[in-house]
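To start, the structure under review is shown below, and the notes come after it.
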Amino acid sequence: MSTTALADRGYQAEAAELELPVVSNLPVNGEYRHLVLEAGAPATLAEAGQFFHLLCPASGADRPFFRRPMSTYRADRAAGRIEFLYKVTGAGTRGLATLVPGDRLNVVGPLGTGFRLDPAWASIVVLGRGVGLATLAPLAELAASAGVRVTAILSARSPDLVMSADRFRAAGAEVFPVLDSDGSSDPGRVGKLVSGLVRLGRADAFFTCGSNRLLALMKRLGREHGIPGQVALEQQMACGLGMCFCCVRAFEVEGRHVSRRVCWDGPVFPLEEAVSW
Amino acid sequence: MSTTALADRGYQAEAAELELPVVSNLPVNGEYRHLVLEAGAPATLAEAGQFFHLLCPASGADRPFFRRPMSTYRADRAAGRIEFLYKVTGAGTRGLATLVPGDRLNVVGPLGTGFRLDPAWASIVVLGRGVGLATLAPLAELAASAGVRVTAILSARSPDLVMSADRFRAAGAEVFPVLDSDGSSDPGRVGKLVSGLVRLGRADAFFTCGSNRLLALMKRLGREHGIPGQVALEQQMACGLGMCFCCVRAFEVEGRHVSRRVCWDGPVFPLEEAVSW
Amino acid sequence: MVDLSVRIGGLTLANPVMPASGTFAEGLARVIPLDRLGAFVTKTIMREPRAGNPVPRVAEAGDGMLNSIGIPSKGVAPFLAETVPFYRGYGPPLVVSISAHSADEFAVLAREVTVEGVAAIEANISCPNIEADGRAFAMEPGTTAAVVERLRAATPLPLWAKLTPNTGDVAAVARAAEAAGADAVVVANTILAMSINVESFRPTLGNVMGGLSGPAVKPIILRMVYQCARAVGIPVIGCGGISTADDAVEYLLAGASAVQVGTASFIHPTALTSVIDGLEGFCARRGIDRVADLVGAVAEGPVAEGPAAEVAW
Amino acid sequence: MVDLSVRIGGLTLANPVMPASGTFAEGLARVIPLDRLGAFVTKTIMREPRAGNPVPRVAEAGDGMLNSIGIPSKGVAPFLAETVPFYRGYGPPLVVSISAHSADEFAVLAREVTVEGVAAIEANISCPNIEADGRAFAMEPGTTAAVVERLRAATPLPLWAKLTPNTGDVAAVARAAEAAGADAVVVANTILAMSINVESFRPTLGNVMGGLSGPAVKPIILRMVYQCARAVGIPVIGCGGISTADDAVEYLLAGASAVQVGTASFIHPTALTSVIDGLEGFCARRGIDRVADLVGAVAEGPVAEGPAAEVAW
Ligand SMILES: Cc1cc2nc3c(=O)[nH]c(=O)nc-3n(C[C@H](O)[C@H](O)[C@H](O)COP(=O)(O)OP(=O)(O)OC[C@H]3O[C@@H](n4cnc5c(N)ncnc54)[C@H](O)[C@@H]3O)c2cc1C
Ligand SMILES: Cc1cc2nc3c(=O)[nH]c(=O)nc-3n(C[C@H](O)[C@H](O)[C@H](O)COP(=O)(O)OP(=O)(O)OC[C@H]3O[C@@H](n4cnc5c(N)ncnc54)[C@H](O)[C@@H]3O)c2cc1C
Ligand SMILES: Cc1cc2nc3c(=O)[nH]c(=O)nc-3n(C[C@H](O)[C@H](O)[C@H](O)COP(=O)(O)O)c2cc1C
Ligand SMILES: Cc1cc2nc3c(=O)[nH]c(=O)nc-3n(C[C@H](O)[C@H](O)[C@H](O)COP(=O)(O)O)c2cc1C
Ligand code: FES
Ligand code: FES
């Protein structure tokens, strides 16, 4: 099914190290940029929630040594493209921001374990914030193709930072932007919104990413209402392949704390087991 | 007389670390490029034989760590420019070759001790080869301004590599290109040419640079005819300021071997004391 | 065809390139065909399950990285039940890295991992020795000899001693390992280092200090390999900052019989296979029939005179 | 106005930034105003004139350099006749670096350089000790103590011991230097290293092995400074890979009372003055009145909770 640059004695790579041409790399608002790369399989086979590990170019005095993990914002097999939505925060993402069409970016992926939709779920609630909006976006099409109804609560500081709303709407989701600027993103108010959806029977599962406070909220609501969920987590990564054990986080499994690798066991984990911090 | 970016409590630098804009950087033949930088004092006060220490930019996989020494091909105070003629050989010069107008290059200079014209000399013979043609070129104007008659023997593999000939001619020098391609650069034939100049009284001093065989030849002729001379030498450099002692060469002074720093005691040395190798 | 095979004590490897312990796991099979490697070397295990160190566990450090992963270990039983069988599905020999805080515990663990499917044991003697005031065994020839002797008696498997660079005289330690019966020395583990974030005033690692690895350490570890190769008769396996085939050649020339690639696999998961391809290409280009001919071939006499000396420098 | 002054034993420096021995000489006066430096440290001298090592004496090594300059020295007499008087024309105190192959010779040389115009002696005890099998004095606490005691008895000048990083336990060596009467330790000299040209198969240095310096060594030497600063009460002077004011801050936080800048001056001859300017700027921006307040100020407790923890990572 997948082909790779490293095809070797019949070996088929599930993930590959690839030098992909940049199609575009434009700002979407004051904080985020949208990077589009030309790609084939296995990159375009990335599932919702899987990530790529990007070898960000040096720029100015920045010489990022490690790769940087980025969620697949979109993997489009037909168009032969993979896309990322990223926030410029430090050395690596500053380097990403310098890419122009025609440059090549070395990526490794797809990596990690993505979101899973249980066939028993008829509707889900997606709650994201910040970078989490990029990570959750592919759920829009995944759910649509599985006939699952989506309510997307998209939290941001201000209206221009509410990303992926059109994409969720296009996939048939009902979208609630909630904002710091008008107070609607307050956890208490978001909690009421989610509880309302639960009462309406529109929450067979919760999906969240991008905020510790929202994780804590969804965990609590899930526990109260007996609703399962998934959360995509972040942690600094070196290898991205489960080899170095730098990306561990603590999880709570049957009352015990266990340590798991975000890159390998995740980045998507059961909401029940995730520990907010 | 000199001003500098680092002017400090009345301190006046003789040499400065400067970020200079690139005016042009064009190939002059298949091997050499000509780099022109916009500059002020003290850079433009460089004397013939002095050099600059260039912080060559990284390019591709090349990350030159040390600076690279380059002779002043021309320092033009009126035009506010300094110029270099360089051969692309390794990591540093490959980086230099990537410079385009508008880029900036970090240079330190002028450094070292240059050529000296003794007021007693009426005519001199300049014998250069390869990169040595760049180093010797400023002697053209220096000698002309001192009313010293110059015979320039310019040695090269082929006619297109005979650089600085026009410049010597423009300054009134008589120019003899000698070539590997027609055998005229053979040390035996060059020796005869020089001996002829000696007999004609046109060689009060010898100046050479760029070839060990020519150095040996000029040393021998100088000794035979009792003619003094100067040679510009090369050696790998780290600091360029006489601090690290990496650029030493052996010299012969009154029968003893002594070690001198090319960057500080030279790069121009008495021909009599230089040791060919 | 270049003969890439090398012998490390009793073991013949199809090529001299293998992963470094702690930088390799099953996950790499997603990206490269594991059958191409000269050997597998697993993350160090200890007898008892352990949690490892607080995060952040890694930091960038110029042209290298710091890590304070520690040895988070599931213990021996899951290792034997899951990890060993996984690698049995592949051709290359499996080298199991073990560690312990005492010579006794080392010996017990060596016996426990002497099972079918394990081709050699790499003893990571760079961890603190509880009997010697917390200093790593491999910091001193005496403690090295003591633990290697016990290990030698405990297992018939080929025994590699992995040395620490955090010592004044690595060659003396290598000699001690050889005398005590090691079949090879691996030179070396990471160099103790640290960095501090000048904005927060905090160490970049949760554990304050950690090990430096990657290109930054190459000239230091290469020197140690050179010193060890001249000091011992057993093979030296070079490990430190190898990212390219040229780096591997440099180590072989300095005297390494094989090399381990660590940090480079984090940056390029294809590093191991591209080092192997590049080694083959290098030998082919230079007309070298057997990669083993490179071992210790560094040229040390005075520079030859000749036409090359015609240039001015 | 930030107070940049620091005290190193009996000596007060106007600022904590000085050149490292062997990377500084009169020539720098051509490019920067020497009066701005915290102190001058001269290239190590030995008693007898010496030639130094064969070329090539330096090589690039990634983000650092290798050198095998050795100690080409004109001997004491020209040093006293020319070098000391040159620096007398400037304000900053002159620190003279000396070395010797025996404790006796060290003591004699220390006496010889105890002259007007010399403010302190830096004993480079990282060179081979002929009485101890060619190993550097500073590789062992015992030999360190022996030579520092002799030096202490030989001169009333402030005495700095410059340690080698090529040892397993630099803190123990620092303690030995302190106990023997050193007023400060300089941490550290270069790390023994090498590289090989894979085309020519030749070592890149004429001397085969040499010392690694520059940014590549910073995390290693910073760790040693941290260890030494916790081990001794005398000031630690940090030296290794400092190129920027941030690097200097990192060393101060780790416990250095002052810093030396070496290799960086080769790349940017203005490095010393820009580190000084940058330190002042850093303190001003962070509201730190005295640069000395940074010394040892690394924050080590667990990370504070708070709004910063709101982000997902
Ligand atoms: C699985 C996963 C998916 C992600 N998806 C996205 C995404 O789609 N869009 C997006 O903008 N960001 C995403 N992030 C966060 C992104 O990886 C960081 O913003 C990025 O690594 C910052 O690098 P930097 O060099 O710009 O910042 P610096 O702060 O200079 O980075 C220093 C080091 O810390 C690490 N680091 C810093 N912040 C984070 C972080 N939040 N998570 C993990 N490592 C971090 C860097 O990788 C690097 O190793 C994701 C992170 C993970 C783990
Ligand atoms: C005083 C002086 C003046 C010079 N003037 C000129 C000039 O006008 N034009 C010109 O083309 N070249 C000149 N050179 C030579 C020039 O410095 C080298 O060609 C250049 O350093 C090569 O660097 P690289 O990185 O391209 O080569 P690499 O071979 O990659 O350099 C590796 C190392 O060796 C050193 N090195 C290599 N060749 C030489 C050399 N011939 N001399 C000194 N160091 C060397 C480099 O500086 C570097 O440190 C001069 C050298 C000196 C000492
Ligand atoms: C993240 C990480 C984890 C490591 N874990 C181990 C380990 O468990 N056991 C061991 O012997 N060495 C361990 N090492 C050291 C490596 O095996 C290797 O000796 C070192 O990294 C130098 O090689 P490199 O520069 O190629 O990475 C680890 C190194 C890294 C970077
Ligand atoms: C070219 C060179 C020569 C050196 N000579 C000496 C010396 O004579 N005495 C000494 O104690 N250290 C000497 N050193 C070591 C430096 O003083 C310093 O300890 C080391 O370079 C680390 O600092 P850096 O990384 O800032 O260069 C020398 C270093 C270099 C690079
Ligand atoms: S990043 Fe290496 S194990 Fe996750
Ligand atoms: S290059 Fe440093 S002394 Fe000449």
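Numbers restart at 1 for each chain; the letters A, B, ... are given by sequence-line order, proteins then strands. Note that the structure is predicted; figures quoted are calculated from it, not measured.
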Interatomic spacing from SG in C:C283 to CD1 in C:I288 - rounded to 0.5 Å: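 Result: 5.0 Å between the selected atoms.
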Kindly compute the distance separating CG (D:L205) from CE (D:M65), expressed to the nearest 0.5 Å. 9.0 Å
Residue, of [options], that accumulates the most heavy atom pairs under 4.5 Å with chain D:
| options | result |
| --- | --- |
| C:P215, C:P165, C:A254, C:P219 | C:P219 |
| C:S200, C:G206, C:G62, C:S195 | C:S195 |
| C:D247, C:L212, C:N197, C:T164 | C:L212 |
| C:G168, C:G210, C:A59 | C:G168 |
| C:L66, C:V198, C:V298 | C:V198 |
| C:E140, C:M209, C:M139 | C:M209 |

Which heavy atom of [X] sits nearest to which heavy atom of [Y], and what is that distance?
| X | Y | value |
| --- | --- | --- |
| C:D293 | C:A297 | O-CB, 3.7 Å |
| D:C228 | D:V187 | SG-CG2, 4.0 Å |
| C:E250 | D:I196 | OE2-N, 2.9 Å |

Under the rule for side-chain contact (heavy atoms from CB on, under 4.5 Å), what residues qualify as partners of C:A180, not counting sequence neighbours? C:A145, C:V148, C:E149
Using non-hydrogen atoms only, which part of [X] is less than 4.5 Å away from chain C: side chain, backbone, both, or neither?
| X | result |
| --- | --- |
| D:E199 | both |
| D:I221 | neither |
| D:Y251 | neither |

Using a cut-off of under 4.5 Å for heavy-atom pairs, which of [options] has the most such pairs with chain C?
| options | answer |
| --- | --- |
| D:L222, D:V249, D:N166, D:T204 | D:L222 |
| D:D63, D:V55, D:V208 | D:V208 |
| D:V217, D:L253, D:L294 | D:L253 |
| D:L252, D:V170, D:L192 | D:L192 |

Taking atom types as modelled, is there a side-chain donor on D:S265 or D:T23 under 3.5 Å from an acceptor on the other? no
Side-chain donor or acceptor of C:N53 paired with backbone N/O of C:S68 under 3.5 Å: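 Checking the backbone N and O of C:S68 against the side chain of C:N53, a donor-acceptor pair under 3.5 Å is found.
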Give a yes or no on whether a salt bridge exists between C:R230 and C:E300, defined as a side-chain N under 4.0 angstrom from a carboxylate O. yes
